Amino acid sequence: MAEILKLEMVTPYKRVLSEEVDEIIAPGTLGELGILPGHTPLLTTLKVGELTYRKGGAAFHVAVNWGYVEVEGDKVTILAETAEPADEIDLARAQAALGRAEEALKKLDPEDKQFRIMEAALERALIRIQVAARKAR
Amino acid sequence: MASLKDIKKRISSVKNTQQITKAMKMVSAAKLRRAQDAVVAARPYAEKMQDVLSSMAMRDADSTHPLLEEREKKRALVVIMTADRGLCGGFNSSIAKAAEAFVRDQAEGFEEYTLRIIGRKGNEALKRRPGITIDKVYENLTGNITYATASLLGKEIVDDYIEGKYDGVYVIYNRFFSAINQEVTTTQLLPIVPEVSEEQQQEYVADYIYEPSSEEVLSSILPKHIEVQIFRALLESVASEQGARMSSMDSASKNAAEMINKLTLQYNRARQAAITTELMEIISGAESIK
């Protein structure tokens with residue numbers, strides 16, 4: 001049985017990661033899921049959230065925004081619309097986005113189409129801040 | 001024969017033109033590099049998407065999703081990608097021609113064809129042509145391509161298709177091969193025809209977990225696939241535009257250089273002729289005094 005997972009993470013703009021890792025914890029639509037070597041083939045959708053992978057003893061965090069995880073043998077492929085590793089996140093920008101989203105949500109009617117869009121923006125900003133904070137520690 | 005002054009004027013005007021074409025060439029060369037990088041960067045995602053899609057299609061061959069289903073061919077939507085600006089050789093006109101031919105020949109056997117145009121030049125070329133219906137035109141979209149743009153375009157197309165406004169969607173765009181080589185390409189966007197490679201067939205794995213369920217995964221992945229395809233086509237089209245502009249400006253600069261040479265030659269000849277006449281006059285004047 002394979003001892004290692006080949007993690008590949010791609011977005012429409014670039015290949016974010018291509019690494020060998022020991023464990024992956026991904027934010028699936030039905031809840032967090034951990035992937036270890038020898039996992040059954042799986043295809044699942046991701047929600048906005050924090051993805052963690054371990055390599056050696058160190059953990060790395062990535063903020064992902066919608067996507068898919070495919071596990072096939074020891075290959076794990078993550079297709080995400082955006083994926084930002086913790087050290088690439090611009091904390092100031094994320095906080096500004098959070099502020100904007102909060103402002104907009106206060107004014108909008110929950111029935112409005114815009115409300116859901118801003119809600120999603122809020123969620124994304126929160127995740128980005130959360131992931132960025134992990135890096136600082 | 002043109003006077004010396006006239007020729008001199010023409011030379012300097014051609015020189016000015018040459019300077020402009022040279023500058024345009026440099027600008028597109030820089031833009032081309034950026035566009036090319038974007039095309040290359042988007043490739044892995046598009047390929048992975050294709051892989052995932054075809055492996056799903058192989059496992060659930062009997063799955064019925066509206067985006068996979070073949071319908072009776074009545075109305076077709078043809079999305080064409082052109083540039084907002086001209087001076088790029090045959091880039092826009094070849095797309096317009098291909099689109100017209102597609103409609104005229106009733107390619108793929110539809111009854112009605114509707115065009116959706118990206119880029120101002122495509123609209124200018126096609127809006128007055130007989131037998132062409134245009135439903136929407138997008139301008140100033142190709143300046144800075146983001147995934148969000150492609151995603152909006154994709155959603156619109158998928159919505160129209162599901163509503164039954166169209167029974168097939170095609171894209172005509174310039175595929176980018178190199179700075180001097182672009183090819184007009186027509187691809188079918190909808191219904192989706194998944195390709196299954198032989199390699200994948202061998203890798204067939206029977207038990208596969210889908211979360212939440214295979215239908216849900218499929219119905220979220222198919223519209224994404226359309227978006228990715230559009231994103232990729234847009235990027236290729238922009239890279240092709242810059243490539244086409246660069247090579248056409250390069251040949252324009254070369255033509256200008258050739259013209260300057262010719263005019264300079266003409267100028268020198270005219271000057272020499274003028275000197276000769278002057279000498280003749282002086283000599284004959286001196287003769288007459290003797």
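Because the structure is a prediction, the values reported are computed rather than measured. Proteins get letters first, then strands, A, B, ... in listed order; numbering begins at 1 in each.
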Problem set entry | Among the listed options B:Ala46, B:Ser220, B:Ser151, B:Ala38, the residue most often paired with chain A at heavy-atom distances under 4.5 Å | B:Ser220
For this session: With a 4.5 angstrom heavy-atom cut-off, could you sort out which part of A:Thr77 is near chain B: side chain, backbone, both or neither?
Result: side chain
Exercise. At a heavy-atom separation under 4.5 Å, does B:Tyr147 approach chain A through its side chain, its backbone, both, or neither?
Worked result: both
Seminar exercise, completed: Between B:Thr114 and B:Ile134, the two heavy atoms sitting closest are CG2-C, 4.4 Å
Problem set entry | Ionic contact status for B:Arg85 with B:Glu241, cut-off 4.0 Å | no
Exercise. Are any of the side-chain nitrogens in A:Asp74 or A:Lys6 under 4.0 Å away from the carboxylate oxygens of its partner?
Worked result: yes
For this session: Heavy-atom distances under 4.5 Å only: say whether B:Ala42 touches chain A with side chain, backbone, both or neither.
Result: both
For this session: Using a cut-off of under 4.5 Å on heavy-atom pairs, state which of A:Leu30, A:Leu43, A:Leu79 scores highest against chain B.
Result: A:Leu43
Problem set entry | Interchain contact, A:Tyr68 with chain B, by part (heavy-atom threshold 4.5 Å) | side chain
Exercise. What pair of heavy atoms forms the shortest contact from A:Leu46 to A:Thr29, and how long is it?
Worked result: N-OG1, 4.1 Å
For this session: Pick one of side chain, backbone, both or neither for A:Val69, based on which atoms fall under 4.5 Å of a heavy atom in chain B.
Result: neither
Problem set entry | Within 6.0 angstrom of B:Lys25 NZ, more than 12 heavy atoms from elsewhere | no
Exercise. Just by distance, do the side chain of B:Arg75 and the backbone of B:Lys165 share a donor-acceptor pair under 3.5 Å?
Worked result: yes
Exercise. Can you say whether B:Leu235 sits under 4.5 Å from chain A via the side chain, the backbone, both, or neither, judging by heavy atoms?
Worked result: neither
Problem set entry | Salt bridge flag under 4.0 Å for residues B:Lys136 and B:Glu156 | yes
Seminar exercise, completed: Highest number of heavy-atom pairs under 4.5 Å with chain A among B:Asp37, B:Thr146, B:Val40 belongs to B:Thr146
